[in-house]
Amino acid sequence: MADVSLLPRTFYEREPSEVAPALLGKLLIRKLRKKILVGRIVEVEAYLGNADPAAHAYAGMTARNAVLFGPAGHAYVYFIYGMYYCLNFSCEPKGMAGCVLLRAIEPISGLEEMARLRRVPLKGAPGRLTGGPGKLCQALDITRSAINGVDVTQPDSPLQVADDGLDPREIVATPRIGIRKAADLPLRFLLKGHHCVSGR
DNA sequence: ACTCGGATTCTCT
DNA sequence: GAGAATCCGAGTA
């Protein structure tokens, strides 16, 4: 893994529908006390802020979604269904409060620690480890208290995104998963045929 | 292969 | 007090 560069803030200062597919193939890096966990982003969803009824920011700023109304390139972590967290990155344009939801990664490094955090056996399909928004947060120890509001463009941040030069082969767009409103928009992006995307 | 429901708690009305 | 950008196991087939 030579030539790995941190994604700059300008990367996030675009429309979510542009940032989302651009994140595919990038490396998600989680720094813990002693260990470093790495995964490759293989599935994301764009949320268009005040232009998108399915977005958390649609109804305006609250204590929960305040991060989305700040500068781009920050982590928005929310708690859902009583037991899971989901990870997003804030985007521009400013005031629009758009974001990108990370739905699945391919585990690259630190698989043992990920399996321990997930409480599943190490052997088995990698998609079982990080193939879903709730799963990847559990595998990388991402919680609202630890990660929400973190600037992912900083070298000393516990959560970062980097480019290692990989050019994704084929990207496909589909409707988003698990939402009631605006359920028809093709804002879910994934690496075609990848074995770590969410679902069965 | 598919459908169904339970777990569990934060957030906003 | 309702509903939620989920996951997993059980049941049926």
Side-chain angles (χ1 to χ4, degrees), chain A residues 12 15-21 23-24 28 39 41-70 72 74-91 96-107 114-150 152 159 161 172-190 193-200:
Chain A
Y12 304 92
E15 301 262 348
S17 56
E18 208 176 321
V19 176
L23 277 169
L24 293 175
L28 183 65
I41 301 171
V42 300
E43 181 184 350
V44 297
E45 282 178 4
Y47 285 86
L48 310 182
N50 61 19
D52 181 2
H56 285 178
Y58 182 65
M61 185 165 74
T62 64
R64 176 175 63 154
N65 65 20
V67 172
L68 296 177
F69 291 82
H74 287 248
Y76 166 51
V77 180
Y78 63 89
F79 191 72
I80 192 74
Y81 296 128
M83 29 172 73
Y84 297 106
Y85 290 98
C86 290
L87 171 66
N88 304 253
F89 297 140
S90 60
C91 298
M96 187 170 121
C99 66
V100 175
L101 166 70
L102 270 68
R103 288 195 55 89
I105 62 176
E106 172 194 354
M114 293 184 196
R116 194 183 66 76
L117 288 163
R118 288 265 302 123
R119 299 181 188 187
V120 299
L122 181 55
K123 59 175 187 177
R128 188 174 169 75
L129 212 49
T130 54
K135 293 184 196 176
L136 79 87
C137 285
Q138 199 171 26
L140 299 187
D141 198 20
I142 290 170
T143 62
R144 183 166 167 87
S145 60
I147 295 299
N148 190 58
V150 157
V152 299
L159 188 71
V161 189
V172 288
T174 78
R176 294 173 292 186
I177 305 291
I179 55 173
R180 308 292 298 265
K181 305 165 195 165
D184 52 334
L185 300 179
L187 292 176
R188 171 175 177 246
F189 303 91
L190 54 99
H194 199 285
H195 55 283
C196 289
V197 298
S198 65
R200 313 203 178 183

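Chain identifiers are assigned alphabetically (A, B, ...) following the order of the sequence lines, protein sequences preceding nucleic acid strands; residue numbering begins at 1 within each chain. On a predicted model such as this, the values are computed, not experimentally measured, just so you know.
Relative to the side chain of A/Y47, the nucleotides C/dT6, C/dA5, B/dA7 differ in distance, and C/dA5 lies closest. Considering only the side chain of A/F79, B/dC10 comes nearest among B/dC10, B/dT11, C/dA5. Closest to the side chain of A/T62, out of C/dT6, B/dT8, B/dC12, is B/dC12. Counting only heavy atoms from C-beta on, A/R103 has its side chain closest to C/dA5 among C/dA5, B/dC12, C/dC8. For A/Y84, counting side-chain heavy atoms from C-beta on, the closest listed nucleotide (B/dC12, C/dC7, B/dT11) is C/dC7. The side chain of A/M83 sits closest to B/dT8 out of C/dA4, B/dT8, C/dA5.
Counting distance only, with no hydrogens placed and no angle test, the side-chain atoms of A/Y78 and the base atoms of C/dA5 include a donor-acceptor pair under 3.5 Å.
Across all strands, A/G134 comes closer than 4.0 Å only to sugar-phosphate atoms, never to a base (heavy-atom distances). Base contact: A/A54 has a heavy atom under 4.0 Å from a base atom.
For the pair A/I142 CD1 and C/dT6 P, the interatomic distance rounds to 16 Å; values are reported in whole Å. Taking atom CZ on A/R176 and atom P on C/dT6, their separation rounds to 12 Å, with Å as the unit. The nearest whole Å value for the distance from the CG atom in A/N148 to the C1' atom in B/dC10 is 13 Å. Here C/dC7 presents its P atom at 10 Å from CD1 of A/I177, a figure rounded to the nearest Å. Regarding A/L48, its CG atom lies at a distance of 15 Å from the P atom of C/dA5, rounded to whole Å. Rounded to a whole Å, the CG atom of A/L87 is 12 Å from the C1' atom of C/dA5. Rounded to a whole Å, the CD1 atom of A/I80 is 12 Å from the C1' atom of B/dC12. Rounded to an integer number of Å, the gap from OH of A/Y58 to P of C/dG3 is 19 Å.
No donor-acceptor pair under 3.5 Å is formed between the side chain of A/R128 and the backbone N or O of A/P121. Proximity of a side-chain donor or acceptor of A/R103 to a complementary backbone N or O of A/R176 within less than 3.5 Å is not detected. In this structure, A/N65 contributes its side chain and A/G60 its backbone to a donor-acceptor pair below 3.5 Å. The closest donor-acceptor contact from the side chain of A/E45 to the backbone of A/I177 lies under 3.5 Å.
By the 4.5 Å heavy-atom criterion applied to side chains, A/I147 and A/Y85 are not counted as neighbours. No side-chain heavy atom of A/E43 sits less than 4.5 Å from a side-chain heavy atom of A/H194.
Under the Watson-Crick and G-U wobble criteria, each requiring two contacts below 3.5 Å, nucleotide B/dC12 is paired to C/dG1. Under the Watson-Crick or G-U wobble criterion, with both distances below 3.5 Å, C/dG9 is paired with B/dC4.
For the OP1/OP2 pair of B/dT11 and a distance below 4.0 Å, the side-chain nitrogens and oxygens of A/R144 include at least one atom meeting the criterion. Using a 4.0 Å cut-off, no side-chain N or O of A/K181 falls inside it from OP1 or OP2 of C/dA5. Dashed line: the shortest gap from a side-chain N or O of A/R118 to OP1 or OP2 of C/dC8 is under 4.0 Å.
Between A/Q138 and A/G178, the one whose closest nucleotide on DNA chain C sits nearer the 5' end is A/G178.
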